[in-house]
Structure formats: structure tokens, C-alpha cells
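Structure record follows, encoded as C-alpha cells.
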Amino acid sequence: MEKYVDEGRIIYGVNTSMGGFVNYLVPVEFAEELQNNLIASVASNVGEYLEDHEVRAAMLARLISLSKGASAISIENFMIYLDMFNKNVLPCIPRKGSLGASGDLGPLAFIALVAGGKWKAKYNGQEMTGEEALRMANITPMRLSYKEGLALINGTSAMTGFAAVVWDKAKKLLDMYQFVSSLTLEGLAAILKPFDPRVHKRKLHKGQYIYASNITTILSSSKLVMNEAETEAAIQRENQNVVQNMQDQIEDAYSLRCSPQIMGPLYDTLQFVSSIIENEINSSSDNPLVLPEEGRYSTMVISTDNILQWRWTIYRSA
């Protein structure tokens with residue numbers, strides 16, 4: 001990036017303004033002021049602050065994206081960001097608002113403000129100014145150069161971090177529901193045989209098979225569920241060659257015996273969502289991207305929108 005600036009190249013967000021002002025050239029001597037103004041202009045969220053674990057999720061997602069080496073952030077500023085994360089300097093991020101057309105500009109801008117010694121943060125559970133939090137954690141504030149403000153905010157890291165948190169909660173609920181189902185089967189003295197994994201292996205849906213297998217394992221030593229063979233033998237002993245109402249039945253209601261077919265797709269959906277989140281966490285989500293390994297003779301700088309696909313995926317899922 002510094003080489004291209006020295007060569008007088010015109011690069012978005014480096015020596016041009018951004019967004020609707022992209023047609024304005026900005027002399028390189030104003031690089032730090034340009035980046036600081038960008039951050040200040042999009043730090044527009046309002047309302048209550050995000051929870052600490054949500055802030056950490058967003059910070060970690062951004063660190064991973066920056067670590068891919070395509071965002072042109074200096075190693076010094078990357079290490080400052082990493083120190084903030086490791087030392088629990090947690091920026092106060094108002095919950096409401098984001099400039100979604102270009103990623104999570106709003107939420108990520110508040111992290112960038114604290115990284116520069118501004119705004120407010122929590123340190124050791126206490127709210128204070130960003131400058132004070134960095135000083136107490138023995139962290140030097142960032143000084144931004146070409147594109148570095150853009151690199152800090154122009155991505156999907158907040159929504160990706162939040163998605164990971166929501167996914168984890170959903171996974172725990174689904175895991176818990178296996179035990180809720182098992183207790184229900186015991187409470188209603190249901191027959192366990194319909195959950196036999198050998199049956200569900202014939203239906204080529206992974207989630208259905210895993211759910212049925214887990215139920216079978218959980219209830220393998222239970223004395224409260226019914227054994228199909230014992231039930232059938234008892235009915236045969238009672239048979240008097242007449243139509244009669246059996247005390248026991250050989251098949252339970254759909255809502256019991258078909259729960260793997262219902263819960264299995266939820267497992268499959270979570271697996272799909274997990275792959276999308278994992279891919280996004282490990283992606284370079286920025287504009288422009290600086291690609292040293294892609295240029296035939298030199299580094300390539302490409303203006304694009306690597307944010308759009310993930311944002312559209314989120315909207316479609318919702």
C-alpha cells in the first residue's frame with residue numbers, strides 16, 4: 001500500500017474520499033485526518049450498550065478478518081487491536097443502528113474510536129473513557145495511516161460475531177431438547193423401537209439419524225420406556241379372537257415416534273448455518289482488498305464489495 005501511494009496511484013479510501021464523496025481526491029498528507037473523520041462520521045449508533053460477550057465476538061471476528069492480510073492494516077495497529085481483545089478493553093457499542101449498505105460501519109466504528117483513545121470503554125468491569133482504559137491496560141492508542149480506518153470498520157464482523165453467538169444458543173437449545181424429548185417418552189411410556197438408528201440410516205438425512213441415535217443412547221438403560229417385543233407378547237396373551245380395546249398399543253402418536261424427522265432438519269439447518277458463519281469469519285471482508293499473492297508482477301488492489309454476499313445471506317435467512 002505504501003509503495004502504491006509513493007507511486008501516486010489513485011486508490012479508493014486511501015487518497016480519495018469514500019461513499020458518495022468518492023470523486024474527491026484527498027492529498028496523502030491528510031491520510032490520518034481522513035481516516036479519523038471517516039470513523040467519527042459513521043459512529044452513529046444509539047441506545048443501550050451491547051453485552052460484553054457480544055462486543056468480544058465482534059472484535060474477534062474482525063481480528064480474524066484483518067489477520068488474513070488483505071486489508072492493509074499495519075502490524076502495529078493490528079497488535080493494538082489484539083491487545084485490546086486479550087486485555088479485555090471492551091468498547092461501549094450502542095445497540096441500535098448500523099450503516100448496513102457497507103457492512104457494520106456503525107458498531108465497528110465505536111471499537112475503532114476506543115482504539116484511538118476516544119469514546120468510552122469498559123476495563124475490569126468499570127466504564128471509563130477510551131483513553132483511560134487504554135492507559136490502564138498499558139496499550140498505546142492507534143495512529144491511523146492510509147486506509148486503516150476503513151480497514152477497521154468496513155466489514156461484516158459485528159453481524160458475523162452476533163450470528164455466532166445466536167448459533168451457539170440455538171445449538172444448546174437443540175441439544176437440551178433431546179433430553180426434553182427423552183423425558184417426554186419416559187413420562188408417556190412410549191416405545192423406543194422407532195428410534196432405532198438402523199431405521200433412520202435408511203433415510204439419508206444426517207440430522208434425523210443423529211437425533212434418533214442420541215435419543216436411543218440417552219434412553220438405553222431406561223426402565224420407563226416400553227419394549228416393543230414385550231408389549232406385543234402381552235397383547236398376544238390377552239387376545240381372545242375378538243375385537244377388543246388393547247391396554248397397550250404397538251405404535252405411538254406421530255408427535256412422539258416421528259420427532260427425529262421433525263428435529264433432524266433443525267440439526268441440518270444449524271450445520272448449514274455453521275458453515276456459512278465459519279466461512280464468513282475466515283474471509284477477507286473489506287473494500288478495497290490488497291492482494292500481494294494475486295498480482296502477476298506486483299500487488300493487486302481491487303475495489304469490490306466482499307460484504308454483499310454475507311449481508312444478502314443474512315437477509316434471506318431472516
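Just so we're clear, the structure is a prediction, and the values are computed from it rather than from any experiment. Residue numbers count from 1 along this sequence. In what follows, every heavy atom counts, from backbone to side chain, and hydrogens, waters and symmetry copies are set aside.
A heavy-atom distance below 4.5 Å is found between the side chains of Leu134 and Met84. Within the 4.5 Å cutoff, the side chain of Glu280 has no heavy atoms near those of the Ile277 side chain. Under the 4.5 Å side-chain criterion, counting only non-hydrogen atoms from C-beta, Asn154 is in contact with Leu105. Within the 4.5 Å cutoff, the side chain of Asp252 has no heavy atoms near those of the Leu188 side chain. Contact of the Glu54 side chain with the Arg95 side chain is registered, since non-hydrogen atoms from C-beta on lie closer than 4.5 Å. Taking 4.5 Å as the limit, some side-chain heavy atom of Trp119 sits within range of a side-chain heavy atom of Cys92. For the pair Leu256 and Thr184, the minimum side-chain heavy-atom distance is below 4.5 Å. Met142 places none of its side-chain heavy atoms less than 4.5 Å from the side chain of Glu148.
Although no hydrogens or angles enter the test, the distance criterion places no donor-acceptor pair under 3.5 Å between the side chain of Lys96 and the main chain of Gly47. No donor-acceptor pair closer than 3.5 Å links the side chain of Thr156 to the backbone N or O of Met159. A side-chain donor-acceptor contact under 3.5 Å links Asn15 to the backbone of Arg9. Asp268 contributes a side-chain N or O that, together with a main-chain N or O of Gly207, makes up a donor-acceptor pair within less than 3.5 Å. With His200 contributing its side chain and Pro194 its backbone, the two residues share a donor-acceptor pair below 3.5 Å. Side-chain atoms of Tyr12 come within 3.5 Å of backbone atoms of Gly19 as a donor-acceptor pair (strictly under, hydrogens ignored). Put simply, the side chain of Asn279 gets close to the backbone of Ser275: a donor and an acceptor are under 3.5 Å apart.
For residues 61-73, the pairs satisfying side chain to side chain donor-acceptor pair (under 3.5 Å) are Arg62-Ser157, Ser71-Asp286, with sequence neighbours left out. Counting only residues at least two apart or in different chains, side chain to side chain donor-acceptor pair (under 3.5 Å) contacts with residues 23-35 comprise Glu32-Arg143.
Inspection of the Tyr49 and Lys120 side chains reveals an N or O donor paired with an N or O acceptor under 3.5 Å.
Applying the under-4.5 Å side-chain rule to Ile, Leu, Val, Met, Phe, Trp and Tyr, the cluster around Leu25 extends to Ile10.
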Step by step, would you call Arg56 with Asp52 a salt bridge (charged side-chain N to carboxylate O under 4.0 Å, His left out)? CA-CA 6 Å; Arg56 284 183 59 81; Asp52 290 352; over 6 Å; no
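Hydrophobic clustering, with ILVMFWY side chains joined whenever heavy atoms are under 4.5 angstrom apart, keeps Ile210 apart from Leu204. Cluster annotation: Val199 and Tyr209 are assigned to distinct hydrophobic clusters (Ile/Leu/Val/Met/Phe/Trp/Tyr, side-chain heavy-atom contacts under 4.5 Å, transitive).
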